[in-house]
Amino acid sequence: QVQLVESGGGLVQAGGSLRLSCAASGRTFSTYSMGWFRQAPGKERDFVAAISRSGSTTAYADSVKGRFTISRDNAKNTVYLQMNSLKPEDTAVYYCATSRVVARNPNTYDYWGQGTQVTVSS
């Protein structure tokens, strides 16, 4: 079993920044890849970013490339999502999840956190 807890969400103005954190417990954190997804009201859960077990490989959705950065600290069992130049369309609940590989398909992911709300005002 893996438990994931997201934090760092909130309300921010357009152009601002937030850093999300996802703390993991239960299994050895460094044995799995991690991903961030988001879901806006009435929409499907979309891929945002993913990172490999060592952190050497990352992937981003085109919509966030150049603005968001995923990173991890295996010593702290935590994955981060630094979000800069935020836009109103980034408003969503953000989820972290575990996977065996770096992937964009949410069906590839096994364990999910409860999510943290990010709201970007215009």
Side-chain angles (χ1 to χ4, degrees):
Q1 277 284 14
V2 178
Q3 293 80 42
L4 302 172
V5 179
E6 301 97 336
S7 62
L11 174 64
V12 64
Q13 288 188 334
S17 299
L18 283 174
R19 188 176 82 154
L20 304 184
S21 299
C22 171
S25 62
R27 281 186 59 189
T28 304
F29 180 68
S30 61
T31 64
Y32 41 85
S33 298
M34 298 295 296
W36 285 98
F37 290 78
R38 65 187 182 186
Q39 188 167 21
K43 295 188 177 181
E44 295 183 348
R45 190 168 296 188
D46 291 332
F47 170 75
V48 175
I51 190 167
S52 61
R53 289 173 289 181
S54 67
S56 61
T57 301
T58 57
Y60 295 93
D62 288 343
S63 59
V64 307
K65 200 173 293 183
R67 300 188 297 123
F68 290 10
T69 303
I70 188 171
S71 62
R72 66 190 295 162
D73 185 338
N74 287 344
K76 295 183 178 180
N77 286 4
T78 302
V79 62
Y80 304 97
L81 185 67
Q82 178 67 44
M83 306 186 295
N84 299 329
S85 302
L86 282 161
K87 305 175 181 179
E89 51 263 44
D90 294 318
T91 295
V93 177
Y94 283 71
Y95 300 89
C96 65
T98 67
S99 175
R100 299 178 185 274
V101 296
V102 174
R104 298 171 183 265
N105 187 339
N107 294 328
T108 308
Y109 289 76
D110 305 307
Y111 297 99
W112 295 80
Q114 294 299 307
T116 185
Q117 176 70 46
V118 172
T119 303
V120 184
S121 62
S122 57

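From a predicted model like this one, the values you see are computed outputs, not experimental measurements.
In this structure, V102 and A59 approach most closely via the heavy-atom pair CG1-CB, 4.0 Å. Pairing each heavy atom of S17 with each of Q82, the nearest pair is CB-NE2, 4.0 Å. Of all heavy-atom pairs spanning A103 and Y109, the tightest one is O-OH, 2.6 Å. Looking at every heavy atom in both residues, N74 comes nearest to S30 through ND2-CB, 3.6 Å.
In this structure, Y32 is a member of the same hydrophobic cluster as Y111, with clusters built from ILVMFWY side-chain heavy atoms closer than 4.5 Å. One hydrophobic cluster, built from ILVMFWY side chains closer than 4.5 Å, cannot hold both Y95 and L20; they sit in different ones. No chain of hydrophobic side-chain contacts below 4.5 Å, direct or via other Ile, Leu, Val, Met, Phe, Trp or Tyr residues, connects F37 to V120. Under a hydrophobic clustering in which Ile, Leu, Val, Met, Phe, Trp and Tyr are joined whenever their side-chain heavy atoms come within less than 4.5 Å, directly or via other members, V79 and V2 fall into the same cluster.
Rounding to the nearest 0.5 Å gives a distance of 11.5 Å between OG of S71 and CE of M34. Put simply, OG1 on T78 and CG on L4 are 10.5 Å apart, with the number rounded to the nearest 0.5 Å. Taking OG1 from T69 and CG from N84, the interatomic distance works out to 6.5 Å, rounded to the nearest 0.5 Å. Residue F47 holds its CZ atom at 4.5 Å from CZ of R104, rounded to the nearest 0.5 Å. The CD atom of Q1 sits 10.5 Å away from atom CG of D110, with the distance rounded to the nearest 0.5 Å.
Both tests pass for R19 against the ring of Y80: distance under 6.0 Å to the centre and angle within 45° of the axis.
For W36 and F68, the gap between ring centers reaches or exceeds 6.0 Å.
In terms of modelled atom types and a separation under 3.5 Å, the side chain of R72 and the main chain of S52 share a donor-acceptor contact. Judged by distance alone, with hydrogens and angles left aside, the side-chain atoms of E6 form a donor-acceptor pair with the main-chain N or O of G115 at under 3.5 Å.
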